[in-house]
Enquirer: 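Sharing a structure here in structure tokens format.
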Amino acid sequence: MQVARTFLRPFAVAHNYTSVRLSGGLADFFEAGRDPKSTEKIVYGRSWKASELRLKSWDDLHKLWYVLLKEKNMLLSQKQMLNSQSLRMPNPERSGKVRKSMCRLKQVLTERALEIEDRTKRNVLKRMINSM
């Protein structure tokens, strides 16, 4: 998925780790190509800043939301799997970075909704954003 790679740039993976992604289905809920028992510290990117998100179009923000949601689901699935095997989650700070990015994205969408003059449209957008 070429679009996802573009949007995940702040979550880029460090030098020694090559991500092998299985295509589609249940495999998308787990990080492939990494040994859970590995002690190697992998450095991941940072969360998105609100100033960066403000430069993106509505369509880009919409796509990014779903990329972040997919990443969040993958991390939660991996955490559950590792907990069932009595293993610790590697790099648990990744969840916080995804959560911050999602909150900032909602903030930017809310700012844009408040700029709309049509009250009905503005209220519909605010309800939609709050339901995310």
Side-chain angles (χ1 to χ4, degrees):
M1 187 161 131
Q2 188 63 31
V3 174
R5 287 190 188 118
T6 306
F7 289 111
L8 280 177
R9 191 149 297 152
F11 297 102
V13 181
H15 54 307
N16 293 350
Y17 179 65
T18 55
S19 178
V20 179
R21 296 290 296 189
L22 302 174
S23 59
L26 191 58
D28 286 343
F29 287 96
F30 300 97
E31 189 174 45
R34 176 153 191 226
D35 181 16
K37 296 177 184 174
S38 174
T39 58
E40 179 184 342
K41 181 74 173 176
I42 297 172
V43 180
Y44 291 89
R46 59 177 174 75
S47 57
W48 284 88
K49 296 178 182 176
S51 59
E52 295 170 332
L53 295 172
R54 286 184 188 104
L55 301 174
K56 300 240 175 247
S57 69
W58 280 96
D59 289 338
D60 287 347
L61 292 176
H62 181 82
K63 291 173 188 174
L64 179 58
W65 176 263
Y66 284 102
V67 169
L68 290 168
L69 188 61
K70 189 173 178 180
E71 181 78 6
K72 177 183 169 185
N73 286 336
M74 186 273 300
L75 290 170
L76 290 171
S77 297
Q78 185 174 0
K79 181 179 179 181
Q80 184 66 31
M81 180 191 68
L82 292 172
N83 282 344
S84 69
Q85 298 173 0
S86 299
L87 297 172
R88 296 181 70 206
M89 178 76 172
N91 302 87
E93 68 276 1
R94 288 172 64 190
S95 297
K97 292 175 183 180
V98 171
R99 188 173 52 249
K100 274 186 188 178
S101 293
M102 292 177 90
C103 288
R104 289 174 181 161
L105 198 149
K106 283 178 74 170
Q107 174 190 352
V108 169
L109 289 176
T110 302
E111 290 171 2
R112 289 187 184 184
L114 292 175
E115 292 173 358
I116 295 175
E117 292 182 21
D118 183 8
R119 189 176 191 175
T120 308
K121 275 187 174 181
R122 183 176 55 234
N123 289 337
V124 168
L125 275 174
K126 283 171 44 179
R127 267 187 264 122
M128 181 192 72
I129 293 165
N130 289 334
S131 69
M132 295 177 13

Enquirer: Find the distance between CG (Leu55) and NZ (Lys49) and round it off to the nearest 0.5 Å.
Expert: 11.5 Å

Enquirer: Are any non-hydrogen side-chain atoms of Leu114 and Arg122 less than 4.5 angstrom apart?
Expert: yes

Enquirer: Could you measure the distance from the OG1 atom of Thr110 to the CG atom of Asn130? Nearest 0.5 Å is fine.
Expert: 6.5 Å

Enquirer: Can you tell me how far CG of Leu76 sits from CE of Met81, rounded to the nearest 0.5 angstrom?
Expert: 12.5 Å

Enquirer: Rounded at 0.5 Å granularity, tell me how far CG in Leu61 sits from CG in Leu105.
Expert: 5.0 Å

Enquirer: Is the backbone N or O of Arg54 less than 3.5 Å from a side-chain atom of Arg112, with the two atoms forming a donor-acceptor pair by type?
Expert: yes

Enquirer: Just by modelled atom types, is the Ser101 backbone N or O under 3.5 Å from a matching donor or acceptor in the Ser47 side chain?
Expert: no

Enquirer: Does Lys56 form a side-chain contact (heavy atoms from CB on, under 4.5 Å) with Lys63? I'd like the steps, not just the answer.
Expert: CA-CA 11 Å; Lys56 300 240 175 247; Lys63 291 173 188 174; over 6 Å; no

Enquirer: Please say which of Arg94, Arg99, Lys97 ends up in a salt bridge (charged side-chain N to carboxylate O under 4.0 Å, His left out) with Glu71.
Expert: Arg94

Enquirer: Output the distance between atom CD (Gln107) and atom NZ (Lys100), rounded to the nearest 0.5 Å.
Expert: 13.0 Å

Enquirer: Return yes when atom NZ of Lys106 has more than 12 non-hydrogen atoms of other residues, nucleotides or ligands closer than 6.0 Å, and no otherwise.
Expert: yes

Enquirer: List the steps and the verdict of side-chain contact (heavy atoms from CB on, under 4.5 Å) for Leu75 and Met89.
Expert: CA-CA 9 Å; Leu75 290 170; Met89 178 76 172; 3.7 Å; yes

Enquirer: According to a 4.5 Å side-chain heavy-atom criterion applied to Ile, Leu, Val, Met, Phe, Trp and Tyr, with indirect links allowed, do Trp65 and Met128 form part of one hydrophobic cluster?
Expert: yes

Enquirer: Could you tell me if the side chain of Leu69 sits less than 4.5 Å from the side chain of Met102, heavy atoms only?
Expert: yes

Enquirer: Atom CD of residue position Glu111 - does it have more than 12 heavy atoms of other residues, nucleotides or ligands inside 6.0 Å?
Expert: yes

Enquirer: Any donor-acceptor pair under 3.5 Å linking the side chain of Lys72 with the backbone of Val98?
Expert: no

Enquirer: Taking all heavy atoms of Ala50 and all of Val108, pick out the closest pair and write down the distance.
Expert: O-CG2, 3.8 Å

Enquirer: Looking only at heavy atoms, which two atoms of Leu125 and Ile116 are closest? And how far apart?
Expert: CD1-CD1, 3.1 Å

Enquirer: Same cluster or not: are Tyr66 and Trp58 linked, directly or through other Ile, Leu, Val, Met, Phe, Trp or Tyr residues, by side-chain heavy atoms under 4.5 angstrom apart?
Expert: yes

Enquirer: Can you tell if the side chain of Leu64 reaches within under 4.5 Å of the side chain of Trp48, non-hydrogen atoms only?
Expert: yes

Enquirer: In plain terms, say whether Arg104 and Glu52 are close enough for a salt bridge, that is, a side-chain N and a carboxylate O under 4.0 Å apart.
Expert: no

